[in-house]
Amino acid sequence: MSQSYVPNKSVPVRVRFAPSPTGYLHVGGARTALYNYLFARRWGGKFILRIEDTDEARSTIESLKMQIEDLKWLGLDWDEGPHPQTLIDKGHFGPYRQSQRRIIYKEWAEKIIAKGLAYYCFMTDEEISQQRQQAEAQGKPPQVNSPYRHWTLDQAQEKLAQGTPATVRFKVMGEKRDYVLNDLVRGEVRFPSDMVGDFVLMRSSGMPVFNFCCAIDDHLMQISHVLRAEEHLSNTLRQMMIFEALGWKLPEYGHLSIILGPDKQKLSKRHGATSCNDYRENGFLQEAMNNFIALLGWSSPQAQEILSREELIEQFSPDRLHAAAAVFDEQKLHWVNATHLRNLPHEELWQRLLPFFNQAQLEFPTDMDWQDRALSALKTSMMTLKDGVELFKPLAKTTLPFTLPAKDTMSWESSPKVVAKWRELIAAHPQRYLTEDDFHQIQEIIKKECAVKGKFLFMPIRVAIIGKPEGAELKVLIPLIDKEVLVERADMALSLMDSPL
RNA sequence: GUCCCUUUCGUCUAGAGGCCUAGGACAUCUCCCUUUCACGGAGAAGACACGAGUUCGAAUCUCGUAAGGGACGCCA
């Protein structure tokens, strides 16, 4: 690994993210997409979205749409691939959905067969599993040994003509040797060629298999760099063999570590939220998500923790990719999110909060000045946009539940007196909203007339306003709340104090 | 079973033979700010998986062991 990585200038940078549409986009996939995106943008290359939908049973158009929505949310726009709205291909190397490239794979499979480097195999599922069991019983690697390996093409074609279903198997060369991969994140990796048996290229259904289309497409789409998940590392051997059989130049590969849950097992659904969509719905910002997942296996050369998209592009380089698996730490995500949240201009922050307010049926004044003051008062306690709902609720015209510590405050001997006076004074106030000065004056009067100070003064007032004894400063909170609402809540507090608590 | 990958504070990581008494960030704890909470500021605690070797010197190189992960599919 070199100190500062620079891609080979003679090859245009073209990278791809190639998800299979079998569910939502999970955070691991998002990170792979992000790294590829950053790589392309950093080096002025193309970022391609290719859809690996050759598993007919599991691929759905709904999943494809969901994943595209998630990529759009993350802002990882692609130069080639299905159009984000219409799904119609854009770019000169299409189609970009593998299910629509079947003819291409068939042609190349036939070329490899013609070279004598692949063959038709008529083995049934039973024969294969039987062989595998036998091999395992003998302690040998569970590789298939097809009896059709040595058939002539004529023989095979005759059987094919009878309508017998056949797969196409790659013929792994006899003499054992090492295939050497120079991995961008792992350095030199050696695979012994006998690591794999004759593997399937084309299913009997005519659909190609992942390793085959991946190799074909990476070449045909002129992919220069492949950044993908670690689970593909061993697959790379097969792809290297296919490239070799066709006499093609290999792209560069970088195998990314996997993302683990808190129990150090591969992150999966049982860990709770793992899809990008979950995080979006839970009020995380796209900026924070990108920032946080970028840091899961990559570090900024300046040890910077909070980075904008531009900074990520500027600083990204594969030589700072970490080879070890990383645990997804939600706490740090929260911190990253809170930090980005506070850095957002208020106008923008408000726009992002709006969908959450609407969902909770909360309505607020539309003037920017009010919104600006409200955000200044409350955003420091906001980790996620969703937190904004509970935080802003006291500013809306709704009833609020009293919390347990609030009841404690209200049980103080002087509290009913204080709240009653507070109610009386605000009810008599001429304006719809109190100013900070108004509040101070009112507070002074209560202080004198009720002969209380300190927490015995402001805590009951606070509870009579927001239903709980902690929160933002009263002097900024009160000018944000309609007087009618303040009176209503004071009444509510009083009635609760009348009844035994 | 065979092959491949990985292993630094609880977590994310810096580190590419002497700069390491191992640095930063999140989380934790303490203090300051504050008539509450949060924000902010200062500080504390906390790690080189283990064992051999190479070397004057090893977190860094080599080999073993252990643990975790991956591949060995007509899944991707």
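Note on naming: letters A, B, ... go to the chains in the order of the sequence lines (proteins, then strands), and numbering restarts at 1 for each one. The structure displayed is predicted, hence computed values, not measured ones.
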Side chains of residues 456-469 of chain A: which donor-acceptor pairs under 3.5 Å do they make with residues two or more places apart or in other chains?
unit_1: A:R462; atom_1: NE; unit_2: A:P469; atom_2: O; d: 3.4
unit_1: A:R462; atom_1: NH1; unit_2: A:A472; atom_2: O; d: 2.9
unit_1: A:R462; atom_1: NH2; unit_2: A:A472; atom_2: O; d: 3.3

Under 3.5 Å, which donor-acceptor pairs do the side chains of residues 193-200 of chain A form with other protein atoms, sequence neighbours left out?
unit_1: A:S193; atom_1: OG; unit_2: A:R177; atom_2: N; d: 2.9
unit_1: A:S193; atom_1: OG; unit_2: A:R177; atom_2: O; d: 3.2
unit_1: A:D198; atom_1: OD1; unit_2: A:R149; atom_2: NH2; d: 3.4
unit_1: A:D198; atom_1: OD1; unit_2: A:V172; atom_2: N; d: 2.9
unit_1: A:D198; atom_1: OD2; unit_2: A:Y119; atom_2: OH; d: 2.6
unit_1: A:D198; atom_1: OD2; unit_2: A:R149; atom_2: NE; d: 2.7

When the side chains of residues 252-262 of chain A are checked against the rest of the protein, which donor-acceptor pairs come out under 3.5 Å, sequence neighbours left out?
unit_1: A:H255; atom_1: ND1; unit_2: A:D183; atom_2: OD2; d: 2.6
unit_1: A:H255; atom_1: NE2; unit_2: A:R228; atom_2: NH1; d: 3.1
unit_1: A:H255; atom_1: NE2; unit_2: A:T236; atom_2: OG1; d: 3.1
unit_1: A:S257; atom_1: OG; unit_2: A:A324; atom_2: O; d: 3.1

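Two residues, A:R342 and A:L296, neighbour RNA chain B, and the one matched to the more 5' nucleotide by heavy-atom proximity is A:L296. Annotation: of the two residues near RNA chain B, A:P192 and A:G297, the 5′-most nearest-nucleotide partner is A:P192.
Using C1' as the reference atom, B:C3 and B:A16 are 28 Å apart when rounded to the nearest Å. B:A22 and B:G10: their P atoms are spaced 15 Å apart (whole Å). One P atom belongs to B:U34, the other to B:A38, and the distance between them is 16 Å to the nearest Å. Between B:C50 and B:A44, the two C1' atoms lie 30 Å apart (nearest whole Å). On the C1' atoms, B:A52 is 24 Å away from B:G15, given to the nearest whole Å. For the C1' atom pair drawn from B:G46 and B:G24, the interatomic distance equals 14 Å after rounding to whole Å. Distance check on atom P: B:G1 versus B:U8 gives 25 Å, rounded to whole Å. When the P atom is used for both B:U11 and B:U7, the distance is 14 Å, rounded to whole Å.
Side-chain atoms of A:E473 lie closest to B:U36 of the nucleotides B:U13, B:U36, B:C26. With B:C26, B:C12, B:G40 as the choices, the nucleotide that has an atom nearest any side-chain atom of A:A326 turns out to be B:C12. In this structure, of B:A14, B:C5, B:A25, it is B:C5 that holds the atom nearest to the side chain of A:R186.
Between A:Y5 and A:F39, the ring-plane angle classifies as tilted under the 30° and 60° cut-offs.
Judged as a side-chain contact (heavy atoms from CB on, under 4.5 Å), and not counting sequence neighbours, the contacts of A:E127 are A:M123, A:T124. Scanning for ring pair (Phe, Tyr, Trp, His ring centres under 6.0 Å) contacts around A:W151 gives A:F122, A:Y148, with sequence neighbours left out. With sequence neighbours left out, A:K379 forms a salt bridge (charged side-chain N to carboxylate O under 4.0 Å, His left out) with no residue at all.
Among pairs with a residue in residues 97-109 of chain A, those fulfilling salt bridge (charged side-chain N to carboxylate O under 4.0 Å, His left out) read A:E56-A:R102, A:R101-A:D217, A:K106-A:E110, at least two apart in sequence or across chains. Counting only residues at least two apart or in different chains, side chain to side chain donor-acceptor pair (under 3.5 Å) contacts with residues 437-450 of chain A comprise A:K421-A:E449, A:H429-A:D438, A:T435-A:D438.
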Practice prompt. Let me see the working for A:Y96 and A:M221 under side-chain contact (heavy atoms from CB on, under 4.5 Å), right down to the final yes or no.
Written response: CA-CA 9 Å; A:Y96 292 90; A:M221 294 180 181; 3.9 Å; yes

Item to complete: Show your reasoning for whether side chain to side chain donor-acceptor pair (under 3.5 Å) applies to A:T384 and A:N337.
Response: CA-CA 7 Å; A:T384 66; A:N337 198 248; 5.5 Å; no

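Rounding to whole angstrom units, NZ of residue A:K468 and P of B:C37 are separated by 13 Å. Between A:L307 atom CG and B:C26 atom C1' the separation is 15 Å, expressed in whole Å. Between the CD atom of A:Q315 and the P atom of B:G24 there is a distance of 19 Å, rounded to whole Å. As rounded to whole Å, 21 Å separates atom P of B:G23 from atom CD of A:Q302. The separation between A:N291 atom CG and B:A25 atom C1' is 11 Å, rounded to whole Å. Atom CZ of A:R320 and atom C1' of B:U13 are 9 Å apart (whole Å). Atoms NZ (A:K455) and P (B:U34) sit 19 Å apart, rounded to a whole Å. We find that CD1 of A:I306 is positioned 18 Å from P of B:G24, with the value rounded to whole Å.
Residues A:F17 and A:F47 keep their aromatic ring centres 6.0 Å or farther apart. Checked against a 6.0 Å centroid threshold, the rings of A:Y35 and A:H225 do not count as neighbours.
Of the nucleotides present, none pairs with B:A22 by Watson-Crick or G-U wobble criteria with both distances under 3.5 Å. Using the Watson-Crick or G-U wobble rule with both distances under 3.5 Å, B:C63 pairs with B:G51. Searching all strands for a Watson-Crick or G-U wobble partner of B:G68 with both distances below 3.5 Å returns B:C5. Nucleotide B:G73 forms a pair with no other nucleotide shown, judged by Watson-Crick or G-U wobble geometry with both contacts under 3.5 Å. In this entry B:G46 has no Watson-Crick or G-U wobble partner, no candidate having both defining distances under 3.5 Å. For B:G57, there is no paired nucleotide, since no Watson-Crick or G-U wobble pair has both relevant distances below 3.5 Å.
Only one option out of A:F212, A:Y120, A:Y105 pairs with A:V168 in a side chain to side chain contact (heavy atoms under 4.5 Å, CB included); it is A:Y120. With A:F292 as the fixed residue, the ring-ring contact (aromatic ring centres under 6.0 Å, His included) test singles out one of A:W335, A:Y279, A:F328: A:F328.
Base contact: A:A472 has a heavy atom under 4.0 Å from a base atom.
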Produce the list of close N/O pairs, under 3.5 Å, pairing protein atoms with atoms of nucleotides 28-31 of chain B; give distances to one decimal.
none

Restricting both atoms to N or O, compile the protein contacts to nucleotides 41-44 of chain B shorter than 3.5 Å, with distance only.
none

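Less than 4.0 Å separates RNA chain B from at least one heavy atom of each of the following residues of residues 380-396 of chain A: A:T380, A:S381.
Counting heavy atoms from C-beta on, the side chains of A:L76 and A:R309 come closer than 4.5 Å.
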Worksheet, complete the sentence: The contact string for nucleotides 68-76 of chain B, one letter per nucleotide 5' to 3', using protein heavy atoms under 4.0 Å with B, S and - for base, sugar-phosphate only and none, comes out as SSBSBSBBB

